[in-house]
Amino acid sequence: MAVDGTDPVRLRAVSALLADHRVDRVGVLGRTPPKAWGERTVPITTAAGWDIVVGVSPPAGSIDVTVGEGGAVSWAGPTGLARSLGERLGPGAILAGTTPGDPLPSGRRFGFPAPIGWLHGVDTDGIHHCPTRGSLAAVMAQREERTVVVLDDRDFLDGAALAAGVLLAAEGHRGPVWESAETFVQLTGDLGLVLADQVA
């Protein structure tokens, strides 16, 4: 896989993937790979010829895209994870996720796990975006009495979701991650994100 070495989320994704047997070699654009990454990482000047390229032509609202031969896995980030959780719950699920910023004084109210707590969100693209301060991030889906949620350090959540998109591409999946929702959610769990499934 080839990755832009100037983006911290992509670098975090690479660090999560280096132990995976499906990743043979990583080419890093724009910087020399850290020595701790070992001999499987090399600096490169072009992504041409690599099987998977991370960070090319993201769709609007997507943190990143993982491009493989013959197509792409897109929305490999918090938005894609929220929509994948919604697929697990079925039609009519209400989706929400935190974003960096000052909390809103009004809007639809969501109760995220502590220590984030209650936040207001605004629906702009099928997901209620809930600004919050601090380093934690969360995405959730709610339907009737059931809520599924993932909460973690923002950089780790972003990186793990992107890394799961890379593995999704390596397994031959294409399209938005929520079209392979169960596999995508499982891969994020394999990389360390914890899913809480609650019934009120």
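Any value given below was found using the heavy atoms of this structure, including those in side chains, with hydrogens, waters and symmetry copies removed.
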Exercise. Starting at CE of Met140, measure out to CD of Gln198 and round the result to the nearest 0.5 Å.
Key: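 With rounding to 0.5 Å, CE (Met140) is 8.0 Å from CD (Gln198).
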
Quiz item: Would Val26 end up clustered with Val9 when hydrophobic side chains under 4.5 Å apart are linked, directly or stepwise?
Solution: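 Linked, Val26 and Val9 end up in one cluster.
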
Quiz item: Do any pairs count as a side chain to side chain donor-acceptor pair (under 3.5 Å) and have a residue in residues 81-94, sequence neighbours left out, and if so which ones?
Solution: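 Every pair satisfying side chain to side chain donor-acceptor pair (under 3.5 Å) with a residue in residues 81-94: Arg88-Glu182.
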
Quiz prompt | Considering all heavy atoms, the nearest Ala141-Gly86 contact | solution =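 Closest pair (atom of Ala141, atom of Gly86, distance): CB-N, 3.7 Å.
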
Quiz prompt | Audit row: Leu167, Leu17, side chain to side chain contact (heavy atoms under 4.5 Å, CB included) steps and yes/no | solution = CA-CA 8 Å; Leu167 296 180; Leu17 289 166; 3.6 Å; yes

Self-check item: Pro43 side chain near Arg31 side chain, heavy-atom distance below 4.5 Å
Solution: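 No. Closest side-chain heavy atoms not under 4.5 Å.
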
Quiz item: What distance do Leu162 atom CG and Arg10 atom CZ have between them, rounded to the nearest 0.5 Å?
Solution: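 So the CG of Leu162 and the CZ of Arg10 are separated by 7.5 Å.
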
Quiz prompt | Residue pair Arg12, Asp158: steps toward the side chain to side chain contact (heavy atoms under 4.5 Å, CB included) verdict | solution = CA-CA 8 Å; Arg12 186 174 284 265; Asp158 289 351; over 6 Å; no

Quiz item: What pair of heavy atoms forms the shortest contact from Leu119 to Pro103, and how long is it?
Solution: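 It is CD2-CB, 4.3 Å.
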
Quiz prompt | Stepwise side chain to side chain contact (heavy atoms under 4.5 Å, CB included) check, Thr188 with Leu195 | solution = CA-CA 9 Å; Thr188 63; Leu195 171 68; over 6 Å; no

Exercise. Please test Leu95 against Leu85 for side chain to side chain contact (heavy atoms under 4.5 Å, CB included), starting from the C-alpha separation and ending with a verdict.
Key: CA-CA 8 Å; Leu95 310 179; Leu85 298 179; 5.7 Å; no

Quiz item: Below 4.5 Å, heavy atoms only, C-beta onward: do Arg154 and Thr132 meet side chain to side chain?
Solution: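 Answer yes - side chains close enough.
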
Quiz item: Are the side chain of Arg143 and the backbone N or O of Ile94 linked by a donor-acceptor pair below 3.5 Å?
Solution: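 Answer holds: no.
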
Self-check item: Residues forming a side-chain hydrogen bond (donor to acceptor under 3.5 Å, both in side chains) with Thr41, sequence neighbours excluded
Solution: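 For Thr41, no residue satisfies side-chain hydrogen bond (donor to acceptor under 3.5 Å, both in side chains) once neighbours in sequence are set aside.
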
Quiz item: Do you know which two heavy atoms are closest between Pro78 and Ala161, and how far apart they sit?
Solution: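 Closest approach of Pro78 to Ala161, heavy atoms only: N-CB, 4.5 Å.
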
Exercise. Measure the shortest side-chain to side-chain distance between Leu81 and Val185 over non-hydrogen atoms and say whether it is less than 4.5 angstrom.
Key: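 Yes - at least one pair of side-chain heavy atoms lies under 4.5 Å apart.
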
Quiz item: Are Val14 and Leu168 connected in a single hydrophobic cluster, I mean Ile/Leu/Val/Met/Phe/Trp/Tyr linked by side-chain heavy atoms less than 4.5 Å apart?
Solution: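 Yes, because Leu168 and Val14 connect within a single hydrophobic cluster, where side-chain heavy atoms sit under 4.5 Å apart.
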
Practice problem: Flag the pair Val28 / Trp37 as yes when at least one side-chain heavy-atom distance between them is below 4.5 Å, and no otherwise. | Solution: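 Side-chain contact under 4.5 Å: yes.
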
Quiz item: How many angstroms lie between CG in Leu29 and OG1 in Thr6, if you round to the nearest 0.5 Å?
Solution: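 Leu29 atom CG to Thr6 atom OG1 measures 8.5 Å (nearest 0.5 Å).
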
Exercise. Could you pull out the closest heavy-atom pair between Ile127 and Gly97, with the gap in Å?
Key: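 Closest approach of Ile127 to Gly97: CG2-N, 4.0 Å.
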
Quiz item: Taking C-beta and beyond as the side chain, do Arg108 and Asp123 meet within less than 4.5 Å on heavy atoms?
Solution: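 The answer is no; the side chains never approach within 4.5 Å.
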
Quiz item: Do the side chains of Thr99 and Pro131 get nearer than 4.5 Å, heavy atoms only?
Solution: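 Sidechains of Thr99 and Pro131: in contact.
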
Quiz item: How many angstroms lie between atom CZ of Arg146 and atom CG of Leu89, to the nearest 0.5 angstrom?
Solution: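 The CG atom of Leu89 is 5.0 Å from CZ of Arg146, to the nearest 0.5 Å.
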
Quiz item: Quick one: side chain to side chain contact (heavy atoms under 4.5 Å, CB included) partners of Leu151, sequence neighbours excluded?
Solution: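 Side chain to side chain contact (heavy atoms under 4.5 Å, CB included) list for Leu151, sorted by chain: Pro113, Ile116, Leu136, Ala138.
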
Practice problem: Find out if a path of hydrophobic residues (ILVMFWY) with successive side-chain heavy-atom gaps under 4.5 Å connects Val23 to Leu191. | Solution: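 Yes, one cluster joins them.
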
Quiz prompt | Distance in Å, Leu187 CG paired with Leu193 CG, rounded so as to fall on 0.5 Å steps | solution =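 Answer rounded to 0.5 Å: 11.0 Å.
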
Quiz item: Should Phe110 and Val122 be counted in the same cluster of Ile, Leu, Val, Met, Phe, Trp and Tyr side chains packed under 4.5 Å apart?
Solution: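 No, no single cluster joins them.
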
Exercise. Kindly give the heavy-atom pair with the smallest separation between Pro33 and Val42, and that separation in Å.
Key: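 Closest pair (atom of Pro33, atom of Val42, distance): CG-C, 3.8 Å.
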
Quiz prompt | Spatial distance of atom CZ (Phe156) from atom OG (Ser135) [nearest 0.5 Å] | solution =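 These two atoms lie 13.5 Å from each other.
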
Self-check item: Taking every non-hydrogen atom, the tightest pair across Ala96 and Phe112
Solution: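 Shortest heavy-atom separation between Ala96 and Phe112 comes out as CB-CZ, 4.1 Å.
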
Quiz item: Is Val54 reachable from Val73 through a run of I, L, V, M, F, W or Y residues, each pair having side-chain heavy atoms under 4.5 Å apart?
Solution: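 Yes, because Val73 and Val54 connect within a single hydrophobic cluster, where side-chain heavy atoms sit under 4.5 Å apart.
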
Exercise. May I ask you to test the Glu179-Phe184 pair for a side-chain heavy-atom distance under 4.5 Å?
Key: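 No, every pair of side-chain atoms sits at 4.5 Å or beyond.
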
